[in-house]
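This one's a predicted model, so the numbers in the text were calculated from it and none came from an experiment.
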Amino acid sequence: MVNFYGELKKGFTGDNNVTTIPTSQNTWEKCEVIHLGFVCSGFKSNLYLHTMLKSLLFHRHNPLHLHIVVNKFSENVLRTLFDTWRIPKLNVSYYEMNPLLPDVRWVPNSHYSGLYGLLKLTFDKFIPKEVDKIIVLDTDLTFISDINDLWQLFSEFGYNQAIGLVENESDFYLSSKRTVWPAIGKGFNTGVILYRLDKLRLIAWDKLWNRVAKKAAMLYGATSLGDQDIMNTVLKQYPNLLHEVPCYWNTQLSDHTTSHQCYSSNQIKIIHWNSPKKIKVINKDGVYFRSLYTTFLEMDGYLVTTSLYDCANDSTPAETPTDVCFQFKQAKGNKWRTLLFFRNFEYIPVSNDVTFVAQLSYDRLQMVEQLSKQWEGPISLTLYVTDPEFQQALHYIDNSEVLQERTNIAYHAVFKKGDYHPINLLRNVGLKNVNTPYVFLADIDFLPMFGLHQTLRNAIASLKVMNKKALIVPAFESQRYRSRFPKNKHELLQMLENKAIFTFRYDVWASGHAPTNYSRWKTAQSPYTIKWEPDFEPYIVVKKNVVEYDASFIGFGWNKVSHIMELECQNYEFIVLHNAFIVHKPHSPSYDIIKFRKDPIYRMCLQNLKEEFVEGLQTKYGRMFEKSNRHEFEPPSEE
């Protein structure tokens with residue numbers, strides 16, 4: 001690092017003059033890697049980034065390297081997203097924000113982004129030295145053009161210029177009604193920043209902005225616009241650092257905007273929703289701008305995973321299907337784009353706590369409301385959705401009087417791809433993202449008895465040791481779309497006697513739950529142990545480190561059976577709870593069960609998969625299963 005005070009003495013001949021810094025000649029290669037910076041610190045910024053990237057990637061023709069400042073929450077979400085999205089020619093680096101926060105925590109700041117927006121001032125400190133320029137972007141942008149065209153503007157920077165910005169498109173800094181930090185004219189917006197990092201490092205940018213900001217804070221008080229106030233105050237004193245970027249690269253839609261003066265005579269390149277209201281901002285052309293945003297909001301994110309046609313592709317060519325069971329064979333190693341925690345989740349576990357884990361498609365979403373009324377504990381739900389369905393699900397949850405205030409429900413999205421529902425992968429997503437020591441592995445179309453969450457916690461406490469134990473919650477079903485729910489076991493037994501409720505799938509798949517021994521359960525006064533039998537698929541409570549489901553099982557059939565069979569191989573003890581139950585609510589059949597019933601090839605592929613799985617258990621655990629169970633296939637219960 002060049003000594004800042006030495007550079008100051010040599011290069012600054014007054015408040016408005018900056019030292020001349022040599023720079024190497026730029027060669028703009030056809031497929032040059034473009035470096036982009038972001039700050040992400042919560043579920044909302046992750047959502048905005050997901051949509052913004054769809055617009056950016058749709059238009060780009062260059063390889064990209066994303067440099068993202070994250071907290072631990074966002075790092076987990078974004079690592080999962082990019083690992084499962086599999087975008088060609090895209091690299092991502094993550095930078096933990098905690099070590100950076102002391103650099104900005106001192107700044108008096110009233111902006112709604114809090115400390116996190118200020119971190120855009122610090123990119124010169126942590127980006128690797130070999131990266132000499134970067135574009136730092138807010139996450140609330142929509143791209144209408146190729147990012148490479150913006151990247152090319154670095155070649156227009158003057159000798160002294162180190163920061164590229166678009167002029168502010170409101171009169172905020174011209175107002176005489178409030179105390180504002182100094183700016184050149186209307187000031188400049190920091191939603192899109194072009195940084196020449198090599199020049200910033202030479203002038204010790206971190207010391208420069210700190211010095212200027214501390215003096216300004218004493219005179220003007222807290223910043224209203226965070227990093228933007230600080231940046232404008234620095235540029236007011238050192239204008240030679242600034243390169244003005246054309247207005248269409250940051251079309252700002254904040255309240256009282258004057259951006260129409262730009263887009264009335266220029267083609268828009270980037271839309272910036274720089275208002276706390278975001279897309280709900282009031283703008284005379286708001287309908288048009290929202291339609292552009294909605295295009296990418298609902299666009300299939302897999303469309304941007306195609307190879308760059310004009311750059312060498314180093315990705316592995318997709319395997320060409322060669323047989324009718326290709327999708328089943330491919331499933332275990334396949335990736336589905338996954339966005340974790342797409343809504344606020346805040347929950348501190350209590351002792352012996354249990355999370356209800358389930359997966360669902362969009363058409364089952366209405367079942368979540370009733371579930372949440374009868375299960376007061378934490379819930380982990382994985383939705384299998386298209387991009388438009390994802391937006392509709394968000395709208396539904398945000399507007400549900402039952403759901404909108406529940407912060408102990410973790411929602412995850414896996415985006416649809418292919419012909420089959422990846423049911424076990426969905427279960428694994430929910431299972432891996434719980435923060436309680438125990439999980440209740442269930443299905444969304446089951447309602448728990450009232451008070452089941454506390455009943456399970458009590459059962460776990462009474463057992464004391466849960467290693468290699470699976471607590472079974474007996475399953476029942478109502479065959480009426482409208483029926484009252486039993487208040488307790490006594491009432492359920494009465495309904496069972498009156499044939500208003502039945503043991504689950506007693507008529508079409510009895511072997512799936514027969515080992516539960518319903519006859520014994522009716523009079524049981526304490527938990528009892530049972531033995532595993534072929535095709536058993538109960539709903540269980542286990543420690544959260546339980547083996548994952550086999551993701552090879554997609555669509556309908558044998559997905560839970562395989563999981564329970566592996567627990568049997570691991571010598572789990574199966575214990576039926578005498579004072580617990582769940583009831584299945586009837587619904588229309590899924591696409592996958594219809595396909596199973598009508599497609600003999602589907603059934604053949606599932607049979608082959610079953611046999612391979614059983615052989616795998618024999619290899620892995622040395623457990624032999626009877627040959628009849630290996631080669632005779634019956635359809636398990638509907639998911």
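- Taking the six-membered ring for Trp, Tyr293 and Phe296 have ring centres at least 6.0 Å apart.
- Side-chain contact between Lys269 and Ile144 is absent, with no heavy-atom pair separated by less than 4.5 Å.
- The closest side-chain heavy-atom distance from Val357 to Phe440 is not below 4.5 Å.
- Contact annotation: the side chain of Asn168 approaches that of Gln252 to within less than 4.5 Å [non-hydrogen atoms, C-beta and beyond].
- The CG atom of Leu383 sits 10.5 Å away from the NZ atom of Lys416 when rounded to the nearest 0.5 Å.
- For Phe43 and Phe73, the ring centers sit 6.0 Å or farther from each other.
- Lys620 and Glu566 are joined by a salt bridge, as a carboxylate oxygen and a charged side-chain nitrogen come within less than 4.0 angstrom of each other.
- Here the side chains of Val368 and Leu381 are in contact, with some heavy-atom distance below 4.5 Å.
- Looking only at distances, no side-chain donor or acceptor of Glu548 sits under 3.5 Å from a matching main-chain atom of Asn428.
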>> Between Tyr248 and Gln267, is the side-chain hydrogen bond (donor to acceptor under 3.5 Å, both in side chains) condition met? List the steps.
In response: CA-CA 7 Å; Tyr248 44 79; Gln267 184 176 352; over 6 Å; no

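- Contact of the Thr223 side chain with the Val107 side chain is registered, since non-hydrogen atoms from C-beta on lie closer than 4.5 Å.
- Atom OG1 of Thr338 sits about 16.0 Å away from atom CZ of Arg79, to the nearest 0.5 Å.
- Relative to the six-membered ring of Trp85, Lys335 misses at least one condition, a distance below 6.0 Å or an angle of at most 45° to the axis.
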>> With side-chain hydrogen bond (donor to acceptor under 3.5 Å, both in side chains) as the criterion, how do His395 and Asn399 come out once you've worked through the C-alpha distance, each side chain's angles and the decisive distance to 0.1 Å?
In response: CA-CA 6 Å; His395 179 78; Asn399 289 278; 3.2 Å; yes

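- Under the rule for a side-chain contact (heavy atoms from CB on, under 4.5 Å), the partners of Asp300 that lie at least two apart in sequence or sit in another chain are Tyr302, Leu303, Arg337, Asp387.
- Within the 4.5 Å cutoff, no side-chain heavy atoms of Asn334 are placed close to those of Ile554.
- Separation of atoms CG (Asp124) and CH2 (Trp209) is listed at 9.5 Å; rounding is to 0.5 Å.
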>> side-chain contact (heavy atoms from CB on, under 4.5 Å), that's the test. Do Ile135 and Ile193 meet it? Break it down for me.
In response: CA-CA 6 Å; Ile135 300 174; Ile193 308 173; over 6 Å; no

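- Between Phe341 and Tyr411, the distance from one ring center to the other does not fall under 6.0 angstrom.
- Residues passing the side-chain hydrogen bond (donor to acceptor under 3.5 Å, both in side chains) test with Glu167, sequence neighbours excluded: none.
- In this structure, Thr139 OG1 and His50 NE2 are separated by 13.0 Å, a value rounded to the nearest 0.5 Å.
- A donor-acceptor pair under 3.5 Å is formed between the side chain of Thr295 and the backbone N or O of Ser291.
- Applying ring pair (Phe, Tyr, Trp, His ring centres under 6.0 Å) to Phe390 and the options Tyr396, Tyr362, Phe342 leaves one that passes, Phe342.
- Phe415 and Trp336 have their aromatic ring centers separated by at least 6.0 angstrom.
- Between the side chains of His61 and Asp146, at least one donor N or O lies within less than 3.5 Å of an accepting N or O.
- Proximity of a side-chain donor or acceptor of Arg60 to a complementary backbone N or O of Asn148 within less than 3.5 Å is not detected.
- For Ser380 (side chain) and Gly430 (main-chain N/O), a donor-acceptor pair under 3.5 Å exists by modelled atom type.
- Here the closest non-hydrogen pair linking Gly226 and Leu118 is C-CD2, 3.6 Å.
- Checked against the 6.0 Å centroid threshold, His59 and Phe143 do not count as a close aromatic pair.
- The neighbour count for Tyr116 OH, taken as heavy atoms of other residues, nucleotides or ligands under 6.0 Å away, does not exceed 12.
- For the pair Asp198 and Lys133, the salt-bridge criterion is not met [side-chain N within less than 4.0 Å of a carboxylate O].
- The side chain to side chain contact (heavy atoms under 4.5 Å, CB included) test with Lys120 singles out one residue from Thr190, Val104, Leu137, Ile230, and that residue is Thr190.
- A tilted orientation is assigned to the rings of Tyr95 and Phe126, their planes being inclined by 30° to 60°.
- The shortest side-chain heavy-atom distance between Leu100 and Val69 falls under the 4.5 Å cut-off.
- Not a single donor-acceptor pair under 3.5 Å links the side chain of Trp249 to the backbone N or O of Ile268.
- Using a cutoff of 4.0 Å between basic side-chain nitrogens and carboxylate oxygens, Asp398 and Arg343 are scored as salt-bridged.
- Annotation: the span from Leu208 atom CG to Arg211 atom CZ amounts to 5.5 Å, rounded to 0.5 Å.
- Side-chain atoms of Asp353 and Tyr347 include a donor-acceptor pair closer than 3.5 Å.
- Taking each heavy atom of Val166 and Pro246 in turn, the nearest pair found is CG2-O, 3.3 Å.
- Under the 30°/60° scheme for interplanar angles, the aromatic rings of Trp151 and Phe154 are found to stand perpendicular.
- Residues Ser74 and Asn46 bring a donor and an acceptor atom of their side chains to less than 3.5 Å of each other.
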>> Using the rule given for side-chain hydrogen bond (donor to acceptor under 3.5 Å, both in side chains), can you reason through His272 versus Thr251, listing the C-alpha separation, both sets of side-chain angles and the distance that settles it, and then say yes or no?
In response: CA-CA 6 Å; His272 185 188; Thr251 303; over 6 Å; no

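- Side-chain contact of Ser55 with Thr142: a donor-acceptor pair under 3.5 Å is absent, judged by distance alone.
- Taken from CD1 in Ile34 to NZ in Lys89, the straight-line distance is 13.0 Å, to the nearest 0.5 Å.
- The shortest non-hydrogen separation linking Gly164 to Val245 is C-CG2, 3.7 Å.
- Side-chain contact check for Arg406 versus Ile379: some heavy-atom pair is nearer than 4.5 Å.
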>> Assess the residue pair Trp205 and Ile163 against the criterion (side-chain contact (heavy atoms from CB on, under 4.5 Å)); give the C-alpha distance rounded to whole Å, side-chain angles, the decisive distance to 0.1 Å, and a yes or no.
In response: CA-CA 11 Å; Trp205 164 253; Ile163 301 171; 3.7 Å; yes

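- In this structure, the side-chain contact (heavy atoms from CB on, under 4.5 Å) partners of Pro99, at least two apart in sequence or on a different chain, are Glu96.
- Smallest separation of non-hydrogen atoms from Asp229 and Trp181: O-CE3, 3.8 Å.
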> After noting the C-alpha distance and the side-chain angles of Phe58 and Met299, does the key distance pass the side-chain contact (heavy atoms from CB on, under 4.5 Å) rule?
Replying inline: CA-CA 10 Å; Phe58 182 79; Met299 187 187 81; 3.8 Å; yes

>> Working note: Tyr384 + His421, criterion ring pair (Phe, Tyr, Trp, His ring centres under 6.0 Å); need CA distance, chi angles, decisive distance, verdict.
In response: CA-CA 8 Å; Tyr384 190 52; His421 189 105; 5.0 Å; yes

>> side-chain hydrogen bond (donor to acceptor under 3.5 Å, both in side chains) for Asn250 and Asn189? Distances and angles first, verdict last.
In response: CA-CA 8 Å; Asn250 187 351; Asn189 185 275; 2.9 Å; yes

